[in-house]
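Just below is one structure, and these are the notes that go with it.
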Amino acid sequence: MVQATSTTIAAVLPVLARKRFGAGEWETLFITAAPTVFFTFSIFWNDLFSHTRFTRYILTFWALACLPLALIAFATDYWMLLIPHLICSLGGAGYHPAAGEVLKRLYPDGLRGRIYGVVWGFTLVAGAFLGYALGEWLTRDEEAFRIFLPGAAAVQLGGVGILALLAARTGVDVGHVRVVEDRSFYDRVVEPVTHMREVLKADPVFARYEAAYMTYGIGWMVCYALLPIFVTERLRLDYDQIAGSTQVAYLVGMVLMIGPAGYLMDRLGAVRSTGLSFLMLIAYPAGLMASTDAASLAVVSFVYGLSHAGTSVGWMLGPVALAPSPAKVPQYVAIHATFVGIRGKIFQGLGVLLYSLTHGFTLPFLLAAGAFAWSAVQMWRLDRLMRPGRPAPDAP
């Protein structure tokens with residue numbers, strides 16, 4: 001109810017901005033990049049989470065991340081779309097500390113990957129259905145977003161209500177709260193950053209895991225930022241064609257592979273299974289360069305979904321598994337999400353800049369393929385260093 005709607009909206013808004021409100025390349029980038037760039041604030045959301053009851057926290061998340069969606073229904077120009085979207089993106093950074101806490105406390109280590117695969121699989125099915133339905137609806141009525149977005153915010157309120165109920169019945173609601181003395185505003189801003197540096201310095205395995213994800217993020221951010229431009233400028237597809245050949249095909253591939261990916265996470269561990277997924281992702285930018293129409297793009301997106309399933313599981317469960325204790329899980333997940341924001345700030349703009357300079361997609365997609373390949377090598381090296389009998393790796 002929370003993530004399927006969010007995934008659908010994140011995929012549709014850049015296309016809506018471009019086709020309905022006439023957004024240019026860089027204006028489209030602002031819409032596309034905002035959700036990932038604002039992940040930078042996850043460490044500050046984690047600080048709030050550590051001092052707030054779960055129920056109050058998750059309702060605060062909804063008020064910032066979901067409720068402003070209803071305002072987009074009244075948009076008449078690009079800026080009335082962008083400003084509520086930025087507020088939602090700021091709020092969206094607060095989801096992951098809470099989600100990590102729930103995953104760690106409710107599911108045992110040996111089964112978490114498979115359970116997450118089932119839960120996420122249903123989310124992907126719902127996202128594929130919503131993406132297809134919204135694409136068809138917008139093709140018939142370009143004003144349909146004015147009804148869909150307020151409805152999505154209401155559905156998300158139901159989702160956070162279920163999370164609050166689970167937290168209250170399982171002890172998560174107050175079990176994570178730390179009682180501390182009052183701190184100044186300066187301390188609340190500086191302390192999360194300081195703690196992040198301390199964690200990375202003290203845990204070299206986690207630091208190298210994050211380094212590999214940072215490299216992978218170069219490829220992912222470049223492709224993610226250019227996709228709305230690619231489907232509208234090069235392939236010139238309509239709403240229903242875009243939804244069917246990108247989000248729906250991608251999510252179908254994810255659904256088919258998310259269960260096996262969760263199983264591999266339980267059997268092989270976060271590092272080895274994620275590295276295998278990074279290697280498979282090379283096919284995505286290579287396929288985009290070869291795409292000529294909606295049908296070929298759908299095949300590429302389907303393969304992308306198959307390849308990306310392991311990365312999706314590793315993104316959420318890797319920090320959960322590598323955290324040394326349950327109390328550290330929200331912080332590890334928040335640090336991981338924060339790095340998404342850092343690479344989002346840098347590499348989405350880099351992708352659009354390369355496209356603007358070269359007037360083509362070949363160079364940025366080659367960069368993406370190279371980043372996926374090198375990230376797989378980084379994970380492979382970390383896996384070798386983590387095997388019994390080898391010394392612990394140094395932090396990069």
Side-chain angles (χ1 to χ4, degrees), residues 1-21 28 31-32 35 66 69-70 72-73 75 81 85 88 92 117-156 158-159 220 223-259 261 284 287-288 291-309 311-312:
M1 295 173 75
V2 177
Q3 289 193 296
T5 48
S6 297
T7 301
T8 301
I9 292 165
V12 167
L13 281 186
V15 177
L16 185 68
R18 196 162 180 85
K19 294 177 73 69
R20 172 65 178 77
F21 296 104
T28 304
I31 298 290
T32 306
C66 308
L69 289 172
I72 299 178
L81 171 68
H85 176 57
C88 289
V118 172
V119 174
W120 190 235
F122 279 106
T123 300
L124 296 173
V125 170
F129 172 78
L130 284 174
Y132 175 79
L134 183 57
E136 292 285 340
W137 194 4
L138 285 170
T139 299
R140 289 167 172 76
D141 178 10
E142 204 169 33
E143 303 298 308
F145 70 94
R146 303 188 190 279
I147 300 173
F148 178 84
L149 293 178
V155 170
Q156 290 170 328
W220 190 86
C223 294
Y224 180 72
L226 288 178
L227 186 61
I229 302 173
F230 181 78
V231 296
T232 54
E233 288 298 311
R234 179 168 171 177
L235 301 186
R236 301 188 181 280
L237 305 179
D238 211 338
Y239 287 107
D240 55 346
Q241 294 176 307
I242 292 171
S245 61
T246 57
Q247 185 191 7
V248 174
Y250 163 73
L251 292 178
V252 169
M254 283 273 283
V255 168
L256 293 177
M257 188 57 69
I258 200 72
Y284 182 50
L288 287 176
S291 297
T292 57
D293 53 24
S296 58
L297 180 60
V299 173
V300 172
S301 298
F302 175 75
V303 174
Y304 173 41
L306 296 176
S307 306
H308 204 225
T311 303
S312 178

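For the numbers below, each heavy atom of this structure counts, side chains included, while hydrogens, waters and symmetry mates do not. Keep in mind it's a predicted model, so treat the numbers as computed, not measured.
Atoms CG and CD1, on L130 and I9 in that order, are 9.0 Å from each other to the nearest 0.5 Å. In this structure, L149 CG and C88 SG are separated by 9.0 Å, a value rounded to the nearest 0.5 Å. Note: F302 CZ to Y250 OH = 13.0 Å, rounded to the nearest 0.5 Å. Put simply, CG on L226 and OG1 on T32 are 9.0 Å apart, with the number rounded to the nearest 0.5 Å. For the atom pair OG1 of T292 and CG of L235, the computed distance is 7.5 Å after rounding to the nearest 0.5 Å. Here Q241 contributes atom CD and T246 contributes atom OG1; the two are 11.0 Å apart, rounded to the nearest 0.5 Å.
Looking at H85 and P35, their side chains come closer than 4.5 Å, going by heavy atoms from C-beta outward. Put simply, the side chain of W137 reaches to within 4.5 Å of the side chain of I147, judged on heavy atoms. P150 has its side chain out of reach of L69: every pair of non-hydrogen atoms, C-beta onward, lies at least 4.5 Å apart. Looking at heavy atoms from C-beta onward, V300 lies out of side-chain contact with V303 at the 4.5 angstrom threshold.
The aromatic rings of Y284 and Y304 lie parallel to each other, with less than 30° between the two planes, well short of the 60° mark. Between F21 and F145, the ring-plane angle classifies as perpendicular under the 30° and 60° cut-offs.
Between the side chain of T139 and the backbone N or O of D240 there is at least one donor-acceptor pair closer than 3.5 Å. When atom types are taken as modelled, the side chain of T28 and the backbone of P14 share no donor-acceptor pair closer than 3.5 angstrom. Between the side chain of S312 and the backbone N or O of H308 there is no donor-acceptor pair closer than 3.5 Å. Checked by atom type and distance alone, the side chain of D293 pairs as donor or acceptor with a backbone atom of S296 at under 3.5 Å.
In summary, the side chains of Y132 and Q247 do not present any donor paired with an acceptor at a separation below 3.5 Å, with no hydrogens or angles considered. Checking Q156 against T5 by side-chain atom types alone, a donor-acceptor pair falls below 3.5 Å.
Listed here is the closest heavy atom pair of G159 and M1: N-CE, 3.6 Å. Contact record, I31 with A17: CG1-CB, 4.1 Å, taken as the closest heavy-atom pair. The shortest heavy-atom contact between G121 and I258 is CA-CG2, 3.8 Å. The heavy-atom pair separating A126 from A4 by the smallest distance is CB-CB, 3.8 Å. The minimum heavy-atom distance linking G127 with L251 is given by the pair C-CD1, 3.3 Å. Nearest heavy-atom pair across L124 and M254 is CD1-CB, 3.3 Å.
Ionic pairing of R18 and E233 is present here: one or more N-O contacts between side-chain nitrogen and carboxylate oxygen are shorter than 4.0 angstrom.
Counted within 6.0 Å of CZ on F230, heavy atoms from surrounding residues, nucleotides or ligands total more than 12; the atom is thus considered enclosed.
Under the salt bridge (charged side-chain N to carboxylate O under 4.0 Å, His left out) criterion, R140 pairs with E136, not counting sequence neighbours.
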* Report the C-alpha separation of L13 and L81 in whole Å, then their side-chain angles, then the decisive distance to 0.1 Å, and conclude whether the side-chain contact (heavy atoms from CB on, under 4.5 Å) test is met. => CA-CA 9 Å; L13 281 186; L81 171 68; 3.7 Å; yes
* Passes side-chain contact (heavy atoms from CB on, under 4.5 Å), F148 versus T8? Steps please. -> CA-CA 11 Å; F148 178 84; T8 301; 4.3 Å; yes
* Asked: What do the steps show when you test Y239 against R20 for side-chain contact (heavy atoms from CB on, under 4.5 Å), and what is the final call?
  -> CA-CA 11 Å; Y239 287 107; R20 172 65 178 77; 3.8 Å; yes
* To do: Take S301 and L297 through the side-chain contact (heavy atoms from CB on, under 4.5 Å) test and state the conclusion after the steps.
  => CA-CA 6 Å; S301 298; L297 180 60; 4.1 Å; yes
